[in-house]
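First the structure, in the form of structure tokens, and then the observations on it.
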Amino acid sequence: PSFITNINCFLNLNFSSFQNFKAQIMARLDLTERIEIAKIQERKAKKIKKSLDASVKDAMAYNVMQGSGVNFLSAFAVALKATNFQISVLSSLPQLLSAWIQLFSPKLLEKFKSRKKPISIFVLLQALTWLPLIAIPFIFLGETAVWFVILFYTLFYVFGAIINPL
């Protein structure tokens with residue numbers, strides 16, 4: 001008998017619980033149908049495990065970025081002899097612009113067919129903003145260095161804000 005026939009047969013019966021219903025369906029399925037269901041369940045379990053592993057790795061990378069970089073950016077600017085005004089701009093401008101960008105980012109991201117490509121692009125761009133931030137003290141001196149820190153930190157925040165609504 002086919003799976004559809006089994007389902008039609010079971011729908012005519014009264015079952016006290018879903019578990020009982022599921023057990024009776026499994027009992028009436030032939031071996032090949034049970035094996036196919038087990039394979040589907042196994043593939044789903046592997047996909048979920050892979051997704052959870054990626055989520056844990058993402059969280060670890062985020063915490064490294066936050067703990068070793070973002071938390072010390074104001075101190076980095078002070079070490080570059082930033083003025084009070086520059087520190088206030090560094091503290092406020094990236095968050096202000098990223099909030100504005102989030103208003104428009106869903107429209108931008110709708111242009112892509114899949115979420116994977118824009119997320120990958122903007123995560124890469126966000127990560128690459130650390131390279132100029134690290135190089136700034138070796139290339140620029142004085143007040144100019146601080147303004148470049150503000151620029152690249154703002155870009156860092158904006159790239160993160162574009163993918164954040166996803």
Side-chain angles (χ1 to χ4, degrees), residues 17-19 21-22 25-26 34-166:
S17 70
F18 176 74
Q19 293 294 7
F21 176 71
K22 182 179 173 184
I25 287 178
M26 292 302 283
R34 285 189 215 162
I35 290 172
E36 189 61 34
I37 289 173
K39 286 179 183 177
I40 291 169
Q41 289 173 339
E42 185 178 334
R43 283 194 300 262
K44 284 183 180 180
K46 285 181 180 179
K47 191 174 183 180
I48 289 171
K49 181 171 178 5
K50 184 179 176 184
S51 178
L52 288 173
D53 288 345
S55 178
V56 168
K57 289 174 185 173
D58 178 53
M60 288 174 19
Y62 175 81
N63 283 316
V64 167
M65 174 196 67
Q66 187 72 27
S68 64
V70 174
N71 289 343
F72 297 103
L73 216 54
S74 293
F76 179 57
V78 169
L80 293 174
K81 309 283 190 246
T83 65
N84 289 339
F85 175 73
Q86 288 171 323
I87 296 294
S88 65
V89 171
L90 179 66
S91 298
S92 59
L93 183 66
Q95 294 170 8
L96 177 67
L97 287 180
S98 65
W100 285 345
I101 290 292
Q102 279 186 339
L103 296 174
F104 305 105
S105 62
K107 294 274 188 209
L108 170 72
L109 296 172
E110 283 176 1
K111 296 179 194 253
F112 294 92
K113 292 180 182 174
S114 127
R115 294 188 307 170
K116 186 176 184 178
K117 188 173 184 177
I119 287 174
S120 298
I121 290 168
F122 288 110
V123 164
L124 176 66
L125 290 172
Q126 187 181 30
L128 289 176
T129 58
W130 284 107
L131 296 176
L133 278 168
I134 292 168
I136 285 172
F138 304 107
I139 299 171
F140 302 103
L141 298 173
E143 192 172 318
T144 307
V146 178
W147 288 113
F148 276 102
V149 168
I150 293 169
L151 171 71
F152 287 109
Y153 186 56
T154 301
L155 287 174
F156 170 82
Y157 252 84
V158 166
F159 292 145
I162 290 172
I163 58 172
N164 203 17
L166 294 177

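The shown structure was predicted, so the numbers you read here are calculated from the model rather than taken from an experiment. Basis for what follows: all heavy atoms, side chains included, without hydrogens, waters or symmetry-related copies.
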Checklist line | Those residues that, when tested against Glu110, pass salt bridge (charged side-chain N to carboxylate O under 4.0 Å, His left out) (two or more places apart) | finding: none
Side-chain donor-acceptor distances from residues 62-74 under 3.5 Å, at least two apart:
residue : atom : partner : partner atom : Å
Tyr62   : OH   : Gln66   : OE1          : 3.3
Asn63   : ND2  : Ala59   : O            : 3.1
Gln66   : NE2  : Asn71   : OD1          : 3.3
Ser68   : OG   : Val64   : O            : 2.5
Asn71   : ND2  : Gln66   : O            : 3.2

Next item on the list: List in chain and number order the residues that pass side chain to side chain contact (heavy atoms under 4.5 Å, CB included) with Ile40, two or more places apart in sequence or in another chain; answer none if no residue qualifies.
Entry: Glu36, Arg43, Lys44
Next item on the list: Hey, could you give me the CD1/OG1 distance between Ile134 and Thr129, rounded to the nearest 0.5 Å?
Entry: 9.5 Å
Which atom pairs, one a donor and one an acceptor, fall under 3.5 Å between side chains of residues 143-163 and the rest of the protein, sequence neighbours left out?
residue : atom : partner : partner atom : Å
Glu143  : OE2  : Trp147  : NE1          : 3.3
Thr154  : OG1  : Ile150  : O            : 2.6

Note to self: Could you walk me through whether Ile121 and Leu125 satisfy the side chain to side chain contact (heavy atoms under 4.5 Å, CB included) test, starting with their C-alpha distance in whole Å, then the side-chain angles of each, then the deciding distance to 0.1 Å, before giving a yes or no?
What the structure shows: CA-CA 6 Å; Ile121 290 168; Leu125 290 172; 4.0 Å; yes
Note to self: I need the full list of salt bridge (charged side-chain N to carboxylate O under 4.0 Å, His left out) pairs touching residues 50-71, with sequence neighbours left out, sorted by first then second residue.
What the structure shows: Lys49-Asp53
Notebook entry, point to check: Is there a donor-acceptor pair under 3.5 Å between the side chain of Ser91 and the backbone N or O of Ile87?
Noted result: yes
Next item on the list: Evaluate whether atom CH2 of Trp100 has more than 12 neighbouring non-hydrogen atoms of other residues, nucleotides or ligands under 6.0 angstrom away.
Entry: no
